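Comments concern the structure below.
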Number of protein chains: 2
Amino acid sequence: MPSALDRQVTSALIRKLESITALSEVEREAIQSLPVRTQVFGAHQDIVRDGDTSSQCCLILDGWACRYKLLNQGKRQILSFHVPGDIPDLQGLHLPSMDHSLATMKHTTVAFISHESLRALTARLPDLAALLWRDTLIDAAIFRAWMTGLGRRSADERIAHLFCEMYLKLQAVGLAGDYRCPMPITQMDLADALGLTPVHINRVLMGLRSRALITLRSRTLVIEAWEELMEVAEFDPRYLHLDRRAA
Amino acid sequence: MPSALDRQVTSALIRKLESITALSEVEREAIQSLPVRTQVFGAHQDIVRDGDTSSQCCLILDGWACRYKLLNQGKRQILSFHVPGDIPDLQGLHLPSMDHSLATMKHTTVAFISHESLRALTARLPDLAALLWRDTLIDAAIFRAWMTGLGRRSADERIAHLFCEMYLKLQAVGLAGDYRCPMPITQMDLADALGLTPVHINRVLMGLRSRALITLRSRTLVIEAWEELMEVAEFDPRYLHLDRRAA
DNA sequence: CGACCCTTTGAACCCGCTCAAAAATGGTGG
DNA sequence: CCACCATTTTTGAGCGGGTTCAAAGGGTCG
């Protein structure tokens with residue numbers, strides 16, 4: 001039985017979905033009626049682990065998370081960053097076991113939604129099912145953009161590209177504006193996301209700073225020159241499929 | 001109105017889907033009744049281009065295709081390889097425009113299925129909708145595996161990993177066995193898929209050959225030492241989610 | 001205010017790249 | 001069936017973007 005608190009809680013999801021497409025009143029209502037269980041995690045804690053079989057999805061309400069894979073010798077690849085409104089493990093609805101882990105980057109609040117209630121929702125509202133499907137497809141589109149960076153872009157370009165992407169993602173859910181946004185990740189995290197070393201990330205970051213493109217301090221990113229940054233990154237926002245808001 | 005030929009044609013799709021999960025008789029019948037338009041492409045031809053808006057999906061019947069993104073200065077990143085039974089642009093069902101291109105690697109036959117008829121199918125058979133959704137989720141899981149390679153694996157490991165993956169994918173649809181499979185791609189294609197240069201691919205390939213792990217000749221891959229190859233690649237087949245057949 | 005994590009700096013090194021050319025392969029037409 | 005041409009593979013030598021290892025500064029949070 002969803003409580004009044006639940007209804008507030010899922011508004012993060014509604015805002016996110018509305019950044020992708022319009023919702024009907026019935027759909028909004030159905031989402032608000034989802035029963036959820038909220039939980040608070042400290043920084044750098046695993047929410048789900050590689051190999052786990054879960055019966056629920058994790059909606060981020062506040063904070064940041066990342067998905068990652070671990071290799072031998074402690075090598076780590078971060079696959080994605082997630083912000084409020086995201087459901088990073090939505091794929092779990094149709095894939096039985098996790099092929100990667102999900103962890104917080106900082107103090108983070110999440111809402112767990114059971115697969116059962118999500119399946120009931122998608123069975124009842126096929127348009128909403130299509131929208132959630134679409135969300136996982138955008139997730140995959142972002143993977144493709146990252147792959148392209150990892151395979152074919154220089155260190156500067158990769159960093160610039162990631163900053164463009166995160167800024168727009170955050171802006172779409174109202175968490176960024178005026179060319180500044182939270183960026184609560186360390187240079188080590190950046191390195192593991194971009195396939196580089198922390199030392200090199202640091203040097204490139206200082207380079208971007210000295211070229212007056214960005215500043216990254218106190219876990220806040222300030223984009224000093226949006227146009228030039230996009231140019232360095234060769235950034236084309238189409239892949240984010242944020243149809244409701246222009247880039 | 002589907003013809004008798006159509007029914008044969010979609011059997012590639014059925015075989016692929018059954019490599020993922022079991023199909024009911026109704027589902028098989030529904031797939032076989034899909035109206036399709038087949039078309040033959042020569043080698044290295046674009047089927048759909050970055051930016052296109054399409055009203056149909058492309059099912060590969062025979063041959064190989066790849067998805068790729070182009071950057072400035074002719075840089076190319078190959079995002080995935082596709083074999084008979086795959087629908088490489090299934091994401092087009094819910095994403096209006098292509099964020100990458102799709103091209104043949106060799107002489108290839110495809111069947112086009114209209115979004116319209118696919119949407120009718122998924123509306124009528126929710127379980128089949130879930131299965132197609134699941135197929136796109138596996139697609140994304142493969143992206144994650146590639147990202148991990150591009151970001152954190154050495155050249156040897158990346159090549160070994162790709163060969164393990166392609167062998168299992170082909171085996172799942174009956175196109176490989178006995179540790180050999182078709183591999184109709186050039187070293188330049190491998191380079192663009194793995195974020196390396198053709199020259200380096202060549203040197204690493206010769207290294208793997210001299211270590212008696214694989215041979216790649218006449219567009220055929222022979223895996224001489226499956227266990228060792230998997231070890232080099234640090235390969236874990238779980239991400240392919242091929243539940244029906246053991247790896 | 002102390003401890004720990006994070007960022008910054010330096011110097012040597014190496015994996016994979018670049019450019020160039022030769023050898024092998026394979027598809028095509030005569 | 002063979003000769004031809006284009007594409008692909010192979011080889012060589014030098015180079016460079018990013019790494020490695022180590023240690024010194026800075027923030028930040030209990």
Side-chain angles (χ1 to χ4, degrees), chain A residues 42-45 63-64 66 71 73-78 103-107 149-160 162 182-210 214-221 232, chain B residues 42-45 63-64 71 73-78 103-107 149-162 182-210 214-221 232:
Chain A
H44 312 296
Q45 286 191 275
W64 276 50
C66 74
L71 277 70
Q73 296 154 337
K75 283 182 289 188
R76 180 176 69 143
Q77 177 65 42
I78 291 182
T104 59
M105 313 293 302
K106 55 171 297 202
H107 195 263
L150 288 167
R152 287 298 181 225
R153 280 192 232 272
S154 69
D156 312 25
E157 295 163 350
R158 284 183 223 182
I159 295 185
L162 179 64
M183 189 63 62
I185 63 185
T186 66
Q187 296 185 3
M188 211 187 82
D189 296 325
L190 274 177
D192 283 341
L194 300 175
L196 299 165
T197 55
V199 171
H200 197 58
I201 290 282
N202 182 267
R203 293 186 169 129
V204 172
L205 233 30
M206 292 194 302
L208 294 176
R209 215 169 297 170
S210 74
I214 56 119
T215 54
L216 180 56
R217 213 184 323 160
S218 322
R219 307 283 110 122
T220 298
L221 171 68
V232 168
Chain B
H44 313 296
Q45 286 191 275
W64 277 49
L71 278 70
Q73 296 156 337
K75 284 182 290 188
R76 179 175 70 143
Q77 177 65 44
I78 291 182
T104 60
M105 312 294 301
K106 55 170 297 202
H107 195 263
L150 288 166
R152 288 298 183 225
R153 280 192 232 272
S154 70
D156 312 23
E157 294 163 350
R158 285 183 223 182
I159 295 184
H161 201 277
L162 179 64
M183 188 64 60
I185 64 185
T186 66
Q187 295 185 4
M188 211 188 84
D189 296 326
L190 274 178
D192 283 341
L194 300 175
L196 300 165
T197 56
V199 171
H200 197 58
I201 290 282
N202 182 268
R203 293 188 167 127
V204 171
L205 233 30
M206 292 195 301
L208 293 176
R209 215 169 296 171
S210 75
I214 57 120
T215 56
L216 180 56
R217 213 184 324 158
S218 325
R219 309 280 109 122
T220 299
L221 170 69
V232 168

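Just so we're clear, the structure is a prediction, and the values are computed from it rather than from any experiment. Sequence lines set the chain letters: A, B, ... in the order given, protein chains first and strands last, and positions in each chain run from 1.
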Does [X] reach the side chain of [Y], with side-chain heavy atoms less than 4.5 Å apart?
| X | Y | answer |
| --- | --- | --- |
| B/Asp192 | A/Arg152 | yes |
| A/Leu71 | B/Glu157 | no |
| B/Leu190 | B/Leu205 | yes |

(message) What's A/Leu196 touching, base or sugar-phosphate or nothing? Going by heavy atoms closer than 4.0 Å.
(response)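 It contacts sugar-phosphate atoms only.
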
[N] phosphate, OP1 or OP2: any side-chain N/O from [X] under 4.0 angstrom?
| X | N | value |
| --- | --- | --- |
| A/Arg217 | C/dT8 | no |
| B/Arg158 | C/dC15 | no |
| B/Asn202 | D/dT9 | no |
| A/Gln187 | C/dC5 | no |
| A/Arg209 | C/dT8 | yes |

Starting at atom [atom1] of [X], determine the distance to atom [atom2] of [N], rounded to an integer number of angstrom.
| X | N | atom1 | atom2 | value |
| --- | --- | --- | --- | --- |
| A/Leu216 | C/dC6 | CG | C1' | 12 Å |
| A/Met188 | C/dT7 | CE | P | 10 Å |
| A/Ile201 | D/dT20 | CD1 | C1' | 16 Å |
| B/Ile185 | D/dT9 | CD1 | C1' | 14 Å |
| A/Lys75 | D/dT19 | NZ | P | 13 Å |
| A/Leu205 | C/dC6 | CG | P | 15 Å |
| A/His200 | C/dT7 | NE2 | C1' | 16 Å |
| A/Asp156 | D/dG17 | CG | P | 10 Å |

(request) Quick one: closest heavy-atom pair of A/Asp156 and A/Val204, and the distance? (result)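 Here A/Asp156 and A/Val204 meet closest at CA-CG1, 3.7 Å.
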
(request) Over all heavy atoms of both residues, which pair between A/Trp64 and A/Pro184 is shortest? Give the atoms and the distance, please. (result)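 Smallest interatomic distance, heavy atoms only, reads CE2-CD, 3.3 Å.
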
(message) On DNA chain C, compare the nucleotides closest to A/Arg152 and A/Val199; which residue's is nearer the 5' end?
(response)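 That would be A/Val199.
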
(message) Taking atom types as they are modelled, would you say the side chain of B/Arg203 forms a donor-acceptor pair with the base of D/dG12 within the 3.5 Å cutoff?
(response)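 Looking at the base of D/dG12, it does pair with a donor or acceptor on the side chain of B/Arg203 (distance under 3.5 Å).
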
(request) Map B/Pro198 and A/Pro198 onto DNA chain D by nearest heavy atom, then report which one ends up closer to the 5' terminus. (result)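 Here B/Pro198 is the residue nearer the 5' end.
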
